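Order of appearance sets the numbers: ligands from 1, and atoms from 1 within every ligand. Since the model is a prediction, treat every value here as computed from it, not as a measurement. These numbers come from the heavy atoms of this one structure, side chains and all, not from hydrogens, waters or symmetry mates.
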Amino acid sequence: MTPQDGRTFWFRDAVVYQIWPASYKDSNNDGIGDIQGIISTLDYVASLGVNTIWLSPMYDSPQIDMGYDISDYQAVYPPYGTLSDMDELIRECHARGIKLILDLVINHTSDQHAWFQESKKDKTNPKRDWYIWRPAKYSATGERRPPNNWRGALNQSAWTWEEHTQEYYLHLFTPQQPDLNWANDECRHTLYRDAIEFWLKRGVNGFRVDTVNLYSKPEGLPDAPITDPNAEWQNGDSVFCNGPRMHEYLQEMGTIFARYDAMTVGELPSTPRVEDVLRYISASRNELSQVFQFDISALGRSPDDFYARSDFSLQQLKEVVERWQRFIEGTDAWPTVFLENHDLPRAISKYASDRPEDITASGKLLALMQVGLTGTLYIYQGQEIGMTNVPRSWGHDEYKDVIAINYYRDAAARGSKETLVKALDDINFHARDNARTPVQWTSAPHGGFSEDPATTPWMRTNDNYTSINVAAQEQDKSSVLAFYRHALAVRKKHDLLGKGEFRLVGREHEKLFMYIKLPQGSSEEEKGERAFVVLNFSSEMQTYTVPEEAGGEEANVVLDSSVDGKRGSLGPWEGRMYIYHT
Ligand code: NOJ
């Protein structure tokens, strides 16, 4: 790729570690993670072999949605620290060769943001048009109704009535997160200046861009199609995702990002078609560096109900991985590789086995699967030590996320004991809280999350911290942590792992996930390096042979998570990677 307009495409070599600040490390014993806590662990982060940090929102916020409701883009949430702590974090990251990207949350603000406070004052306020206000509709019987049938994140209408000015405002997430009106030029350009350039000038290296396809609302805000006839409010993704002016806005932003050689990774929900995804990330279009496409996280989840659980097969997993590995072939676009983030269940619990005896093997298996894949690789805090979902025995009051709380409240309103048990089953599997428990640093009380172990964290630590924690794994050569370090070093050494072409092997196999990697742009027949990865996604022993095109018996093992190292067979949840030069 030839660098144009200052872009070096450095993100193609990035391995990103996501930090979700509230639960990462508490340096001042208030039970909440903070920026100084992050700074104190930067040597640890660097030691993993990652070279970029994505920091989830640390901006000032009333924390209705854990910082995704920003009340000031240029201030830090006081319990996390100050602007000068952020400057120190940027400096300390750079001193270690680590780049830092922030979360850019610009589809909506908090309702406490000064802009919204102005906007709601009166219909002629200069900021009125910065948000999306509409008059009510009235039913035949004169009942006041929202302007359309869109559903918000809490399963209610996406519109809230505001008494003072007698209009509804739109919020695709919670009522405390009003959507900004991107069609207003002044609003949009102020965001570019205050939320984007402000931070780029301070030295950050880019952004993870929240809900990147929602900014441009469709003309006339039409009703969503009725996909759930029993519900009052309907899922509007097909109407409001990827709206008409999306790419115009992103090209405006792209010129700013290019000036700073910034990396961007957009969160791209509800965009299943390859051609639609490519439009966001084709390098020649200069919009985003890459996106998170969510087919993988949709596995096991019903499309219309955030929490309802459904089964999925290994074959489905393989096909999703294959599709989103191969879609860039012959293009100038770049993919991402991720299994976890702050919105998703822990990968071990979802894709492998979190029975205590399987956790170590499962953590390594997923590490092995990921390090062989092409794209920018993302690791979420705690994934590198094999953190798991919270135990099913936890009561509903241990869950702190607004969505979980609301889901349980709705179930309670519906009544029966069975409904509540089922609600807790679903929450336990899917809740965002699973990813949000404090990082397990040591076996001290609460996992050593706060400097003083007597401090109770804002959210309960997963009960398994006594056996799963960083300190214990630092001492153990066979730990998940040691495996991650080794695996990332292997990835760095062999270009075809992070940059090559993916070929699925044994598509029909129900227990083994196997793939070959070829150097980018080469054909199966050409000479060169080959990798072969074999992963046992089952609790039974499996046998396999290394395919001839990947070197057969002559291929060398470079990563092995098995206990007995026996070529040709793998125990429960074990995996192996081979490299061969033809
Ligand atoms: C996606 C974020 O990842 C999630 O945590 C948040 O609730 C919504 N966007 C709204 O900003």
Side-chain angles (χ1 to χ4, degrees), residues 16 18-24 33 54-73 77 101-113 116 131-132 150-156 158 160 169-180 182 191 195 207-215 217 235-237 240-242 246 264-271 280 288 290-294 296-298 301 306-307 336 338-346 378 380-381 399-407 427 430-437 459:
V16 184
Q18 184 191 350
I19 293 182
W20 195 75
S23 292
Y24 185 66
W54 151 23
L55 177 59
S56 286
M58 74 304 148
Y59 311 94
D60 205 1
S61 157
Q63 305 289 333
I64 298 292
D65 188 18
M66 294 308 294
Y68 286 90
D69 49 326
I70 296 172
S71 54
D72 185 345
Y73 288 102
Y77 178 52
I101 68 170
L102 302 184
D103 227 299
L104 182 62
V105 188
I106 48 181
N107 173 67
H108 44 267
T109 65
S110 159
D111 63 346
Q112 300 306 308
H113 196 293
F116 188 73
Y131 293 84
I132 300 172
W150 296 356
R151 185 174 83 192
L154 302 184
N155 275 337
Q156 288 147 353
T160 289
Y169 66 87
L170 177 69
H171 50 83
L172 296 183
F173 295 92
T174 71
Q176 294 84 2
Q177 291 166 294
D179 280 51
L180 286 156
W182 273 67
L191 282 171
F207 298 96
R208 175 268 189 185
V209 194
D210 192 61
T211 54
V212 76
N213 55 353
L214 297 183
Y215 311 156
K217 308 297 190 277
N235 179 347
D237 286 4
F240 54 63
C241 288
N242 308 312
M246 251 343 300
T264 50
V265 51
E267 186 200 26
L268 195 67
S270 300
T271 308
Y280 285 89
L288 298 165
Q290 50 187 290
V291 289
F292 296 124
Q293 200 286 342
F294 287 104
I296 193 157
S297 29
R301 176 168 274 166
F306 189 78
Y307 276 121
T336 52
F338 72 99
L339 291 174
E340 293 191 12
N341 68 32
H342 62 291
D343 292 331
L344 300 174
R346 288 289 184 176
Y378 289 80
Y380 179 68
Q381 64 186 33
Y399 294 83
K400 304 294 179 214
D401 178 30
V402 61
I403 296 188
I405 292 171
N406 192 71
Y407 189 80
I427 292 175
H430 277 310
R432 311 197 290 182
D433 305 70
N434 283 305
R436 299 178 176 192
T437 57
M459 182 183 181

Can you tell me which residue and heavy atom of the protein come closest to atom 8 (C) of ligand 1, and the distance to 0.1 Å? Phe173 CE2, 3.8 Å
With Phe338, the ring-ring contact (aromatic ring centres under 6.0 Å, His included) member among Tyr378, Trp54, Phe292: Phe292
Does ligand 1 have an atom that lies less than 4.0 angstrom from a heavy atom of Met66? no
Proximal ligand 1 atoms for His342, defined as those under 4.0 Å from one of its heavy atoms: 2 (C), 3 (O), 4 (C), 5 (O)
Considering only protein heavy atoms, which is closest to atom 5 (O) of ligand 1, and at what distance to one decimal place? Asp343 OD1, 2.7 Å
Would you call Lys217 and Trp182 a side-chain contact if the rule is heavy atoms closer than 4.5 Å? no
Heavy-atom contacts with Glu267 under 4.0 Å: which atoms of ligand 1 show up? List them by number with element. 1 (C), 3 (O), 9 (N)
Quick one, Leu102 and Tyr59 - any side-chain contact, counting heavy atoms below 4.5 Å? yes
Check the pair Tyr407 / Tyr399 against ring pair (Phe, Tyr, Trp, His ring centres under 6.0 Å), numbers first and verdict last. CA-CA 11 Å; Tyr407 189 80; Tyr399 294 83; over 10 Å; no
Are Tyr131 and His108 an aromatic pair, judged by ring center distance below 6.0 Å? no
When you measure from atom 7 (O) of ligand 1 to each heavy atom in Asp401, Ile64, Leu172, Asp65, which option holds the nearest one? Asp65
Enumerate the atoms of ligand 1 whose separation from the nearest heavy atom of Arg432 is less than 4.0 angstrom. 4 (C), 5 (O), 6 (C), 7 (O)
Can you list the ligand 1 atoms lying under 4.0 Å from a non-hydrogen atom of Arg436? 5 (O)
Out of all atoms in ligand 1, which are within 4.0 Å of some heavy atom of Thr211? Include the element for each. 9 (N)
If only side-chain N and O atoms count, and only distance matters, is there a donor-acceptor pair under 3.5 Å linking Thr211 with Tyr68? no
For Val291 versus Tyr280, what's the shortest heavy-atom pair and its separation? CG1-CB, 4.3 Å
The closest protein heavy-atom partner of atom 9 (N) of ligand 1 is Asp210 OD1, 2.9 Å
Between Arg436 and Asp401, is there a side-chain N and carboxylate O pair less than 4.0 Å apart? yes
I'd like to check which ligand 1 atoms, numbered from 1 as shown, lie under 4.0 Å from a non-hydrogen atom of His108. 10 (C), 11 (O)
